[in-house]
Amino acid sequence: PWARVSERRMGHVPRVTALLDRWADALALPADEAAAWHDAGVYHDALRDAPEGELYRLAGDVTDYTVEMLHGPAAAARLAQDGESRVELPDAVRLHTVGSSAWGRLGRALYMADYLEPGRKFCRADRAYLASQVPHDFDATCREVLRARLDWSLREGMRLFPEAVALWNVVR
């Protein structure tokens, strides 16, 4: 009920969720872990199109992110307000745009699914191949996704967030 998602984004969220569900099934995850993966897909962009003031209010002390990146911390804060007790879920949602070296499988799966979902228009064949590899070699696929995201950031002259670099140092 608190989601703020535009029509454009309405296709992205179900594609991310479906990808996570497919991987959870292929990996034969326990029901509680599969449910957390599903919920991460549902909530990761729930506040993507919230008003700027709401994002800043909910995100709190996150000062080094652009407004476009505040939706993760804001959604995580909203999950906490709603009493979410699964620690890994809000952590995955909070940092899904940059990464975290503290993540377990859930955060890494969301990070990959957000990038690999089939509706994105760039490098479709490469991303489809990587998505197909997640159930077979989760860690290697995570490294390749992270490498691609870091390469793009460097090519575009974007900054590398310390969280992303720390994740790289853990998964490489």
Side-chain angles (χ1 to χ4, degrees), residues 1-50 55 58-59 65-79 82 84 86-100 103-150 152-153 161 163-164 167 171:
W2 46 263
R4 304 287 184 273
V5 183
S6 69
E7 287 297 319
R8 187 179 130 249
R9 181 96 17 213
M10 289 297 275
H12 169 73
V13 171
R15 287 189 301 267
V16 169
T17 305
L19 195 51
L20 288 165
D21 289 345
R22 191 169 79 226
W23 293 340
D25 185 55
L27 290 165
L29 296 183
D32 60 337
E33 189 176 359
W37 283 33
H38 177 88
D39 292 347
V42 169
Y43 289 116
H44 84 284
D45 274 358
L47 292 175
R48 183 64 179 89
D49 298 303
L55 291 172
L58 285 166
Y65 286 6
T66 63
V67 70
E68 295 82 16
M69 297 173 67
L70 293 177
H71 64 282
R78 189 57 206 252
L79 285 168
D82 285 355
E84 177 57 58
R86 296 171 290 185
V87 174
E88 207 176 351
L89 177 60
D91 287 346
V93 169
R94 179 178 297 107
L95 293 170
H96 78 272
T97 60
V98 293
S100 171
W103 277 341
R105 269 197 308 194
L106 172 59
R108 293 174 190 192
L110 177 59
Y111 185 81
M112 289 189 286
D114 192 37
Y115 178 79
L116 296 175
E117 69 96 337
R120 296 193 183 270
K121 298 194 183 317
F122 61 93
C123 303
R124 284 188 171 167
D126 292 340
R127 288 181 315 94
Y129 174 76
L130 287 171
S132 75
Q133 295 308 299
V134 170
H136 308 293
D137 197 342
F138 188 93
D139 293 335
T141 308
C142 187
R143 276 191 301 279
E144 288 306 311
V145 168
L146 182 56
R147 180 189 325 271
R149 291 180 77 160
L150 292 173
W152 178 85
S153 293
F161 285 87
E163 300 91 342
L167 179 58
V171 303

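Being a predicted model, the structure only gives us computed values, none of them experimental.
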Shortest non-hydrogen contact from [X] to [Y]?
X: Leu95; Y: Ser100; value: CD1-CB, 3.6 Å
X: Trp103; Y: Ala92; value: NE1-CA, 3.5 Å
X: Leu27; Y: Trp37; value: CD1-CH2, 3.7 Å
X: Ala75; Y: Val93; value: CB-CG1, 3.7 Å
X: Pro90; Y: Ala76; value: O-CB, 3.4 Å

Roughly how far, to the nearest 0.5 Å, is [atom2] of [Y] from [atom1] of [X]?
X: Asp32; Y: Arg86; atom1: CG; atom2: CZ; value: 9.0 Å
X: Leu70; Y: Arg94; atom1: CG; atom2: CZ; value: 13.0 Å
X: Leu150; Y: Arg143; atom1: CG; atom2: CZ; value: 13.5 Å
X: Arg48; Y: Leu55; atom1: CZ; atom2: CG; value: 9.0 Å

Test side-chain hydrogen bond (donor to acceptor under 3.5 Å, both in side chains) applied to Arg147 - qualifying residues, sequence neighbours left out: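 Checked Arg147 against side-chain hydrogen bond (donor to acceptor under 3.5 Å, both in side chains); matches are Glu144.
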Side chain to side chain donor-acceptor pair (under 3.5 Å): pairs with one or both residues in residues 121-142, sequence neighbours excluded: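 Found none.
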Any side-chain heavy-atom pair of Leu20 and Thr17 under 4.5 Å: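 No, too far: nothing below the 4.5 Å cut-off.
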pair Phe161-Tyr65: side-chain heavy atoms closer than 4.5 Å: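 Yes, their side chains come closer than 4.5 Å.
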Glu33: salt bridge (charged side-chain N to carboxylate O under 4.0 Å, His left out) partners, not counting sequence neighbours: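 Glu33 satisfies salt bridge (charged side-chain N to carboxylate O under 4.0 Å, His left out) with Arg105 once adjacent residues are dropped.
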May I have the list of side-chain donor-acceptor pairs in residues 1-8 shorter than 3.5 Å, sequence neighbours left out?
| residue | atom | partner | partner atom | Å |
| --- | --- | --- | --- | --- |
| Trp2 | NE1 | Asp82 | OD2 | 2.8 |
| Arg4 | NH1 | Trp2 | O | 2.9 |
| Ser6 | OG | Arg9 | N | 3.3 |
| Ser6 | OG | Asp49 | OD2 | 3.0 |

Any pair counted as salt bridge (Lys or Arg N to Asp or Glu O under 4.0 Å), so long as it reaches residues 18-28, sequence neighbours left out: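 Counting only pairs at least two positions apart or across chains, no salt bridge (Lys or Arg N to Asp or Glu O under 4.0 Å) contact touches residues 18-28.
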Short side-chain to backbone donor-acceptor contact, Arg15 and Pro118, under 3.5 Å: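 No; judged by distance alone, with no hydrogens or angles, the pair does not exist.
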Distance-only check: which donor-acceptor pairs under 3.5 Å involve side-chain atoms of residues 106-116, not counting sequence neighbours?
| residue | atom | partner | partner atom | Å |
| --- | --- | --- | --- | --- |
| Asp114 | OD1 | His12 | NE2 | 2.7 |
| Asp114 | OD1 | His44 | NE2 | 3.2 |
| Asp114 | OD1 | Arg120 | NH2 | 3.4 |

